[in-house]
S.K.: 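The structure is given below, and queries will be raised subsequently.
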Amino acid sequence: MPFWKLNYHLVWSTRQRLPVLRGEIARVAKASILSTATKIEVRVHTISVQPDHVHFAFAAGPKW
């Protein structure tokens with residue numbers, strides 16, 4: 001039986017690190033990431049939206 005364990009940590013930042021990810025924009029960004037992760041079948045560990053950047057930790061199989 002095959003076994004894999006591939007974990008990733010991606011970080012996105014806003015242009016010039018401007019603090020624009022607040023309120024509704026932050027909620028939409030997080031929902032969009034979760035929706036895409038569900039579509040491509042990755043296992044989300046955590047998503048942290050900060051005003052000037054986003055952390056996204058997930059596991060993905062070798063097909064990606």
S.K.: State plainly whether one hydrophobic cluster holds both Leu34 and Ile25, where clusters connect Ile, Leu, Val, Met, Phe, Trp and Tyr through side-chain heavy atoms under 4.5 angstrom apart.
M.R.: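 Yes, Leu34 connects to Ile25 through the hydrophobic network.
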
S.K.: Any side-chain donor paired with an acceptor under 3.5 Å for Gln16 and Thr14?
M.R.: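 Checked: Gln16/Thr14 side chains show no N/O donor-acceptor pair below 3.5 Å.
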
S.K.: I need the full list of salt bridge (Lys or Arg N to Asp or Glu O under 4.0 Å) pairs touching residues 2-17, with sequence neighbours left out, sorted by first then second residue.
M.R.: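 Pairs touching residues 2-17 that pass the test: Arg17-Asp52.
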
S.K.: Could you list the residues that satisfy side-chain contact (heavy atoms from CB on, under 4.5 Å) with Ala57, not counting sequence neighbours?
M.R.: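 With sequence neighbours excluded, Ala57 shows a side-chain contact (heavy atoms from CB on, under 4.5 Å) to His45, Thr46, given in chain and number order.
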
S.K.: Using the side-chain hydrogen bond (donor to acceptor under 3.5 Å, both in side chains) criterion, which residues pair with Ser13? Sequence neighbours excluded.
M.R.: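 Ser13: no side-chain hydrogen bond (donor to acceptor under 3.5 Å, both in side chains) contacts found.
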
S.K.: Under the rule for side-chain contact (heavy atoms from CB on, under 4.5 Å), what residues qualify as partners of Ala37, not counting sequence neighbours?
M.R.: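 side-chain contact (heavy atoms from CB on, under 4.5 Å) list for Ala37, sorted by chain: Val42, Val44, Phe56.
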
S.K.: Determine, stepwise, if the pair Ile33 / Phe58 fulfils side chain to side chain contact (heavy atoms under 4.5 Å, CB included).
M.R.: CA-CA 11 Å; Ile33 293 168; Phe58 64 97; over 6 Å; no

S.K.: Side-chain heavy atoms under 4.5 angstrom apart, residues restricted to Ile, Leu, Val, Met, Phe, Trp, Tyr: same cluster for Leu21 and Val11?
M.R.: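 Cluster IDs for Leu21 and Val11 differ.
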
S.K.: Enumerate the side chain to side chain donor-acceptor pair (under 3.5 Å) contacts for residues 21-34, please, sequence neighbours excluded, ordered by first and then second residue.
M.R.: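 As it turns out, the side chain to side chain donor-acceptor pair (under 3.5 Å) pairs with a partner in residues 21-34, which skip direct neighbours, are Glu24-Arg27.
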
S.K.: With sequence neighbours left out, what residues match His53 under ring-ring contact (aromatic ring centres under 6.0 Å, His included)?
M.R.: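 Counting only residues at least two positions away or on another chain, His53 forms a ring-ring contact (aromatic ring centres under 6.0 Å, His included) with His55.
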
S.K.: When you group the ILVMFWY residues by side-chain heavy-atom contacts below 4.5 Å and let the links chain together, are Val28 and Leu18 in the same group?
M.R.: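 No, Leu18 and Val28 fall in different hydrophobic clusters.
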
S.K.: According to salt bridge (Lys or Arg N to Asp or Glu O under 4.0 Å), does anything in residues 42-51 pair up with another residue at least two apart or in another chain? List the pairs.
M.R.: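 Every pair satisfying salt bridge (Lys or Arg N to Asp or Glu O under 4.0 Å) with a residue in residues 42-51: there are none.
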
S.K.: If every non-hydrogen atom of Asn7 is compared with every non-hydrogen atom of Ala59, which pair is closest and at what distance?
M.R.: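 Result for this residue pair: OD1-CB, 3.5 Å.
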
S.K.: Looking at every heavy atom in both Ala60 and Trp4, which two are closest together, and how far apart are they?
M.R.: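 Where Ala60 meets Trp4 most closely, the heavy atoms are O-CZ3, 3.3 Å.
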
S.K.: Kindly say whether Ala31 contributes a backbone atom to a donor-acceptor pair with the side chain of Ser35 at under 3.5 angstrom?
M.R.: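 No; judged by distance alone, with no hydrogens or angles, the pair does not exist.
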
S.K.: Looking only at non-hydrogen atoms, find the nearest pair between Ala26 and Val49 and report the distance.
M.R.: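 Here Ala26 and Val49 meet closest at CB-CG1, 3.7 Å.
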
